[in-house]
Amino acid sequence: MLADREKISLRQAALLFLTLAYSPAVRFIPLYVANRAKQASWLAPCLASIFFVILVYILHRFFKQHKNHSLMDVIYSVLGLGIGRVVVIIYMIWITLLLALNVRYYGEKIVSSILPNTVISVFLIIMLGLLAYVLRSGLVVIARMNEIIFYLITISTLLMIFFLLPVIKVNDITPVSYKDIYPLFEASIGVTGIWVYFFFLFFLGNKINNKEKIKNIGIQTLMFLLIANIATIIATVGTLGYSVTGRIPLPFLTAVKQISVFDIFEKVESIVVMIWIASDFILFSVFTYCVLLMIKSVFRLSEYKVFINIYMVFIYFLAMYICNSVFELQSFAENVVVYVNIFLGVFIPIVILIIGEIRKKI
């Protein structure tokens, strides 16, 4: 049993999720929803909220009897040790792949936006080296750092959206009719594919306090997600139009380049990239922590810190050779990652809940 000083609160965990979801959401969601729901794309998060509520309910049921445990322990309890380990290994492999993809995205963003003549491996080595150093400090330190990062990201994004208001064209986000229902459902898949990171976060469950409050905190988190994602989509699609938004790799970055206030924000894209990097750092930290704890659990190890450097080296090579360009990354994310995320983040939890109910383990 971990001491309370080694744990974080559920509120801190929710803030970790909101920060780590920021970068992939801002990068991916406007592009994905614009291609499918066009001018109605800003409503896609409303449909995705249904899946998030289901996810919160599932986690509430999981931790009702397992409030001092992680998702690994719940899976072992419900499915048995043998099958449970196989399921946890599948999650471990997938989160490792997600980590490598996001690390590569991080490098591609910097090279394509502010430092085009620099070798991408330089940024990967710097980030992964910093990550290896910080991870030794523990999750509590990362959560405290994130409280500052979260508010900086929130304030910066609010200011950028505020200054975009004069250039948002209402004709690009209207009209909306009943004919948009099916396209909106398609678009909501992309939103849900990012929001399920909330489920992955609870592989750290034994390091999170107050999990019995997950329904209240989960709904508060959903409200913030809804407002933030709808505002970001409106700012992007309303500024560029859905046809342009759906064709460029970093639409939000392109949108904020339209900001010009007394030449103060001439290089506002640098601010966007900096808050993206901060969000990426939290994403990498949490996902790496999850995988290390899975390794510890699956192989019944007493310590995981000895694997940090080895794992960072592995992620570096996987990120470098996982694809050839940002367009391959985008295609893989749209056609594979979104659906696997939903399968592992929504469908499998529902199956575990049903089995747990039948076996009276939940």
Side-chain angles (χ1 to χ4, degrees), residues 1-2 6-8 10 13 16-17 20 54-102 135 138-139 142 193-208 211 214 283-308 310-312 314-315 318 336-362:
M1 187 76 67
L2 290 171
E6 299 177 64
K7 296 183 179 182
I8 63 174
L10 185 59
L16 281 172
F17 163 69
L20 70 85
I54 293 170
L55 202 55
V56 169
Y57 173 75
I58 291 170
L59 288 167
H60 167 71
R61 293 304 307 275
F62 281 0
F63 294 115
K64 193 173 182 180
Q65 295 182 23
H66 302 271
K67 63 180 182 180
N68 294 319
H69 299 93
S70 69
L71 275 178
M72 283 92 77
D73 300 314
V74 175
I75 292 170
Y76 297 151
S77 174
V78 172
L79 302 180
L81 201 55
I83 296 175
R85 276 184 178 161
V86 173
V87 172
V88 171
I89 288 171
I90 291 170
Y91 276 107
M92 183 171 69
I93 292 170
W94 182 246
I95 292 175
T96 295
L97 183 60
L98 284 178
L99 178 57
L101 285 168
N102 281 283
L135 282 170
L139 185 62
I142 294 169
I194 301 298
W195 288 8
V196 295
Y197 288 174
F198 189 67
F199 179 78
F200 298 159
L201 178 70
F202 285 87
F203 281 107
L204 305 173
N206 63 325
K207 292 182 175 289
I208 301 173
K211 291 193 290 294
I214 196 166
L283 172 66
F284 303 158
S285 300
V286 171
F287 275 14
T288 302
Y289 220 106
C290 286
V291 172
L292 291 172
L293 290 180
M294 288 182 197
I295 292 171
K296 179 183 176 182
S297 174
V298 168
F299 298 105
R300 298 182 178 180
L301 303 174
S302 58
E303 185 54 76
Y304 64 85
K305 291 184 179 179
V306 294
F307 295 101
I308 291 176
I310 297 170
Y311 188 67
M312 290 296 97
F314 175 73
I315 290 297
L318 185 58
V336 178
V337 172
V338 165
Y339 298 100
V340 178
N341 275 354
I342 292 175
F343 178 76
L344 293 177
V346 178
F347 179 75
I348 293 299
I350 291 173
V351 171
I352 293 171
L353 177 63
I354 293 170
I355 294 172
E357 292 278 10
I358 293 171
R359 297 189 64 199
K360 300 189 185 303
K361 296 289 186 177
I362 292 175

Using the rule ring pair (Phe, Tyr, Trp, His ring centres under 6.0 Å), only one of Trp195, Phe198, Tyr197 pairs with Phe17; which is it? Phe198
Reported CG-to-CD1 distance for the pair Asn102 and Ile315, which is rounded to 0.5 angstrom: 10.5 Å
Would you say Phe200 and Val286 make side-chain contact, with heavy atoms under 4.5 Å? no
Roughly how far, to the nearest 0.5 Å, is CD1 of Ile90 from CE of Met92? 10.5 Å
Check the angle between the aromatic planes of Phe347 and Phe343 and answer parallel, tilted or perpendicular using the 30° and 60° thresholds. parallel
Going by heavy atoms in the side chains, are Leu97 and Val340 under 4.5 Å from each other? no
Tell me, do Leu135 and Ile142 make a side-chain contact under 4.5 Å, heavy atoms counted? yes
I'd like to check the side chain to side chain donor-acceptor pair (under 3.5 Å) partners of Tyr91; sequence neighbours left out, ordered by chain and number. none
Between the main-chain N or O of Gly205 and the side-chain N or O of Lys211, is there a donor-acceptor pair closer than 3.5 Å? yes
Atom of Glu357, atom of Ile362 and distance for their closest heavy-atom approach: OE1-O, 4.1 Å
From CA spacing to verdict: side-chain contact (heavy atoms from CB on, under 4.5 Å), Ile8, Leu16: CA-CA 10 Å; Ile8 63 174; Leu16 281 172; 3.7 Å; yes
Working for side-chain contact (heavy atoms from CB on, under 4.5 Å), residues Asn206 and Met72: CA-CA 9 Å; Asn206 63 325; Met72 283 92 77; 5.6 Å; no
Main-chain N/O of Asp73 paired to Ser77 side chain as donor or acceptor, under 3.5 Å: no
Val298 and Arg85 have their tightest heavy-atom pair at O-NE, 3.4 Å
Just how far is it from atom OG of Ser70 to atom OH of Tyr76, taken to the nearest 0.5 Å? 7.5 Å
Evaluate side-chain contact (heavy atoms from CB on, under 4.5 Å) for Thr288 paired with Tyr311, printing each intermediate quantity in order. CA-CA 8 Å; Thr288 302; Tyr311 188 67; 3.7 Å; yes
Just how far is it from atom CD1 of Ile75 to atom CG of Leu81, taken to the nearest 0.5 Å? 12.0 Å
Any side-chain heavy atom of Phe199 sitting closer than 4.5 Å to one from Leu71? yes
So, do Leu98 and Asn341 sit near enough that their side-chain heavy atoms are less than 4.5 Å apart? yes
Aromatic ring centroids of Phe202 and Phe62 under 6.0 Å? no
Do Cys290 and Leu204 touch side chain to side chain, with heavy atoms closer than 4.5 Å? yes
Closest non-hydrogen atoms of Leu201 and Ile208, given as atom of the first, atom of the second and distance, are O-CD1, 4.4 Å
Show the nearest heavy-atom pair for residues Val88 and Met294, with the distance to one decimal. O-SD, 3.9 Å
Can you measure from CD1 (Ile352) to CG (Leu79) and round to the nearest 0.5 angstrom? 5.5 Å
Can you establish whether the number of heavy atoms outside Lys64 located under 6.0 Å from its atom NZ is more than 12? no
Would you check if Trp94 and Val291 make a side-chain contact, meaning some heavy-atom pair closer than 4.5 Å? no
Donor-acceptor check, side chain of His66 to backbone of Lys361, threshold 3.5 angstrom: yes or no? yes
With sequence neighbours excluded, tell me which residues meet side-chain contact (heavy atoms from CB on, under 4.5 Å) with Gln65. none
Is the distance between the ring centroids of Phe203 and Tyr289 under 6.0 Å? no
In Å and rounded to the nearest 0.5 Å, what is the CD1 to CD1 distance from Ile354 to Ile58? 8.5 Å
Verify the neighbour count for atom CD1 of Ile83: are there more than 12 heavy atoms of other residues, nucleotides or ligands below 6.0 Å? no
